[in-house]
Amino acid sequence: QVQLVESGGGLVQLGGSLRLSCAASGRTFSGYVTAWFRQVPGKEREFVAGVRWKDAYADYADFVEGRFTISRTIAENTMFLQMNHLKPEDTAVYYCAANKGPLFVTRQGDFSYWGQGTQVTVSS
């Protein structure tokens, strides 16, 4: 069983930065694809960015527009999301997710494990 714990959310002003972390316990991320999703009330949870741990292949949603960087630290079994140039529309609960397997997946239903979420609020 994989347990995911997010941290790093908070309140930031327009144009500010935040760094989210997702730590795993119970198993290493080796052989997994991990990702960040976000959700606002009344909307579907949407893919933000993902990384495949085997080769560090990463991909981003179009709305990221180069502002976010996803990374991972193998030694610490932790994934990060560095978010710069934040906008009010980035306000959401951010979730980390993990799926075991070589395929790079981006759909919510493809992920087996989820964290509890961390709130990111960007004020204007």
Side-chain angles (χ1 to χ4, degrees):
Q1 186 73 13
V2 176
Q3 293 181 322
L4 307 177
V5 179
E6 303 100 334
S7 61
L11 173 64
V12 66
Q13 290 187 329
L14 171 67
S17 298
L18 282 174
R19 189 191 196 207
L20 306 184
S21 300
C22 174
S25 62
R27 197 165 294 181
T28 67
F29 277 144
S30 175
Y32 279 70
V33 171
T34 57
W36 291 97
F37 285 76
R38 70 184 188 183
Q39 188 172 24
V40 298
K43 289 193 173 182
E44 293 286 321
R45 193 170 295 187
E46 63 180 354
F47 173 82
V48 177
V51 62
R52 185 168 55 204
W53 281 61
K54 177 180 67 173
D55 56 8
Y57 171 82
D59 199 12
Y60 299 86
D62 290 342
F63 62 76
V64 168
E65 299 176 322
R67 299 178 296 128
F68 301 173
T69 302
I70 192 170
S71 61
R72 88 269 191 269
T73 301
I74 295 174
E76 297 177 0
N77 210 37
T78 301
M79 174 179 67
F80 304 97
L81 184 68
Q82 177 67 44
M83 303 188 294
N84 300 325
H85 305 294
L86 283 162
K87 307 174 184 179
E89 50 264 45
D90 294 317
T91 296
V93 177
Y94 283 70
Y95 297 89
C96 73
N99 182 66
K100 186 172 179 60
L103 295 179
F104 189 86
V105 292
T106 62
R107 297 180 307 172
Q108 178 181 347
D110 293 326
F111 289 84
S112 303
Y113 304 102
W114 291 87
Q116 81 287 352
T118 185
Q119 177 70 46
V120 171
T121 303
V122 184
S123 67
S124 56

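Everything quoted here is computed from the prediction, not taken from an experiment. Values reported hereafter were calculated over all heavy atoms of this structure, with side chains retained and with hydrogens, waters and symmetry mates removed.
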Joint hydrophobic cluster, W36 plus F80, side-chain heavy atoms closer than 4.5 Å: no
E46 CD to Q108 CD distance, which is reported to the nearest 0.5 Å: 11.0 Å
Quick one: are E65 and H85 in side-chain contact, heavy atoms under 4.5 Å? no
Locate the shortest heavy-atom distance separating V105 from F111; write the atom from each residue and the value. O-CZ, 3.4 Å
Could you state whether F29 and I74 fall into the same hydrophobic cluster, counting links through intermediate Ile, Leu, Val, Met, Phe, Trp or Tyr residues with side-chain heavy atoms under 4.5 angstrom apart? yes
Verify, without hydrogens or angle tests, whether N77 (side chain) and S25 (backbone) share a donor-acceptor contact under 3.5 angstrom. no
Compute both the distance and the angle, then confirm whether R45 meets the cation-pi test with Y95: under 6.0 Å from the six-membered ring centre, within 45 degrees of the axis. yes
Write down the atom of A58, the atom of I70, and the distance for their closest heavy-atom approach. CB-CG2, 3.7 Å
Does V51 belong to the same Ile/Leu/Val/Met/Phe/Trp/Tyr cluster as V64, with side-chain heavy atoms less than 4.5 Å apart forming each link? yes
Is there a path from V48 to V33 through hydrophobic residues (I, L, V, M, F, W, Y) whose side chains come within less than 4.5 Å of each other? no
When you measure from the side chain of E6 to the backbone of C22, do you find a donor-acceptor pair of N or O atoms at a distance under 3.5 Å? no
Looking at every heavy atom in both T34 and A98, which two are closest together, and how far apart are they? CG2-CB, 3.9 Å
Path from Y94 to V12 over hydrophobic side-chain contacts below 4.5 Å: yes
Do any N or O atoms from the side chain of R72 and from the backbone of W53 form a donor-acceptor pair under 3.5 angstrom? yes
Return the OG to CZ distance between S17 and F68, rounded to the nearest 0.5 Å. 9.5 Å
Closest approach of L18 and G8, non-hydrogen atoms and distance? CD2-O, 3.8 Å
If you count the non-hydrogen atoms of other residues, nucleotides and ligands that lie under 6.0 Å from CD in Q13, is the total more than 12? no
Q1 versus R27, closest heavy-atom pair with distance: N-NH2, 3.4 Å
T69 side, atom OG1; L81 side, atom CG - distance, nearest 0.5 Å: 8.0 Å
Could you state the interatomic distance from CG (L20) to CE (M79), rounded to the nearest 0.5 Å? 9.0 Å
Check whether any side-chain N or O of T121 sits under 3.5 Å from a backbone N or O of T91 as a donor-acceptor pair, and report yes or no. no
Student check: side-chain heavy atoms of D90 and M83 closer than 4.5 Å: no
V5 backbone acceptor or donor facing Q116 side chain under 3.5 Å: no
Nearest 0.5 Å, please: how far is NZ in K54 from OH in Y32? 15.0 Å
Crowding at CD, E44 (>12 non-hydrogen neighbours, <6.0 Å): no
Counting distance only, does the side-chain N/O of T78 pair as donor-acceptor with the main-chain N or O of E76 below 3.5 Å? yes
Any idea how Y57 and F104 line up, ring-wise: parallel (<30°), tilted (30 to 60°), or perpendicular (>60°)? perpendicular
Locate the shortest heavy-atom distance separating F37 from W114; write the atom from each residue and the value. CD1-CH2, 3.5 Å
Approximate separation, where rounding is to 0.5 Å, of F47 CZ and Y60 OH: 9.0 Å
Find out whether the Lys NZ or Arg CZ of R38 is both under 6.0 angstrom from the six-membered ring centre of F63 and within 45° of the ring's axis. yes
